[in-house]
Amino acid sequence: MAAAIAAAVSLVGCGELWEGADVDLDVELLRVEDVVRAREVFPQGWFAGVGEHFRGVGLPDDAAVLAGLLPVRLSVVKPVEGGLLERAPPVLGRAGWGQVAWMELSWPAVPELDLGPEHARAGVQVCFGIDANHEPASGHTVYVHVHPYEDERAQHLARQIGHGVTGRGEQGW
């Protein structure tokens, strides 16, 4: 998990974050004890389960009530410098699935590949137990989001951090 998050952070570093950029955490929690732990870590996070929505501090304390809400989805949006990445691993490790995403960045021009800067379709996403479209998947995957038909940009970015692209291009966000 740490290596995947580190690779994603390195990819983000290849781009330019927008002013005030956020990082997003989304996880699905399947056990009451995991919901309780996630609320301790992210008391201001948004929790949603079986038709109910709560700010973390508003979640019921009663384990039976929490069990009736399972599975519970937690969404947290924090400024990039807000400490989310340091607090997320224990929650991700207990989740049925999870993702961390940076969607507010731009890719620089790559003149040697005849690619201009990209501001609209730029992002990095690291997924655990799901793919970029939230379909079940094993393990974890780091996705770099680029303009369609610019697979060479994704390959260039991966090389910048000492990695390669291991899969084919996919439609994502």
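FYI, the numbering just counts along the sequence from 1. These values consider heavy atoms only, across backbone and side chains, with no hydrogens, waters or symmetry-generated copies. This structure is a prediction, so every number in the text was calculated from the model and none was measured.
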| field | Verdict with reasoning, Glu112 to His156, per side chain to side chain contact (heavy atoms under 4.5 Å, CB included) | value | CA-CA 10 Å; Glu112 63 270 25; His156 171 78; 3.6 Å; yes
| request: Say whether Ile5 and Val12 are linked into one hydrophobic cluster, either directly or through other cluster members, by side-chain heavy-atom distances under 4.5 angstrom. | output: yes
| query | Is there a side-chain contact between Asp24 and Met103 (heavy atoms, below 4.5 Å)? | reply | yes
| How close do Phe128 and Val126 get, heavy atom to heavy atom, and via which atoms? | CZ-CG2, 3.7 Å
| request: Kindly indicate, with the supporting measurements, whether the criterion side chain to side chain contact (heavy atoms under 4.5 Å, CB included) is fulfilled by Val23 and Val100. | output: CA-CA 7 Å; Val23 59; Val100 179; 3.5 Å; yes
| task | Say whether, by atom type as modelled, one donor and one acceptor occur between the side chain of Asn133 and the main chain of Glu135 under 3.5 angstrom. | result | no
| field | Which atom of Pro108 lies closest to which atom of Gly15, heavy atoms considered | value | CD-CA, 4.1 Å
| note | Closest heavy-atom pair, Ser106 versus Ala122, reported as atoms and distance to 0.1 Å, is CA-CB, 4.1 Å
| query | Does a side-chain heavy-atom distance below 4.5 Å link Asp61 with Arg39? | reply | yes
| said: Is it the case that the side chain of Gln160 and the backbone of Gly162 share a donor-acceptor pair, with hydrogens and angles ignored and the cut-off at 3.5 Å? | reply: no
| hydrophobic_cluster_shared for Val9 and Ile161, side chain cutoff 4.5 Å | yes
| message | Looking at Arg153 and Leu115, would you say the former's side chain and the latter's main chain have a donor-acceptor pair under 3.5 Å? | response | no
| Should the heavy atoms of other residues, nucleotides or ligands under 6.0 Å from CD of Glu81 be counted, would the total exceed 12? | no
| field | Smallest separation among heavy atoms of Leu74 and Ala38, with atom names | value | CD2-CB, 4.0 Å
| Closest heavy-atom contact between Val144 and Ala154? | CG1-CB, 3.6 Å
| query | Out of curiosity, Leu59 CG to Glu52 CD, how far, rounded to the nearest 0.5 Å? | reply | 10.5 Å
| Donor-acceptor pair, side chain of Glu104 and main chain of Asp22, under 3.5 angstrom | yes
| query | Can you check whether His145's main-chain N or O pairs, donor with acceptor, with Trp107's side chain at less than 3.5 Å? | reply | yes
| Note, Leu157 side chain near Val124 side chain (heavy atom, < 4.5 Å) | no
| task | Taking the six-membered ring for Trp and the full ring for Phe, Tyr or His, determine whether the centres of His134 and Trp97 are under 6.0 Å apart. | result | yes
| Minimum heavy-atom distance between Pro90 and Arg87, given as atom pair plus value | CD-O, 3.3 Å
| More than 12 non-hydrogen atoms from neighbouring residues, nucleotides or ligands closer than 6.0 Å to CG on Asp62, yes or no? | yes
| said: Is there a path of hydrophobic side-chain contacts, each under 4.5 Å between heavy atoms, that joins Leu92 and Phe47? | reply: yes
| Gap between atom CD of Glu28 and atom CG of Asp34 - 0.5 Å precision | 11.5 Å
| task | Kindly determine whether Asp151 and Val165 satisfy side chain to side chain contact (heavy atoms under 4.5 Å, CB included), including the steps that lead there. | result | CA-CA 9 Å; Asp151 290 345; Val165 174; over 6 Å; no
| message | Can you tell me how far apart CD (Gln99) and NE2 (His140) are? Round to the nearest 0.5 Å. | response | 15.0 Å
| message | Same cluster or not: Val65 versus Leu70, using hydrophobic residues (I, L, V, M, F, W, Y) connected whenever any side-chain heavy atoms lie under 4.5 Å apart? | response | no
| query | Transitively linked via ILVMFWY side-chain contacts under 4.5 Å: Val77 with Leu29? | reply | no
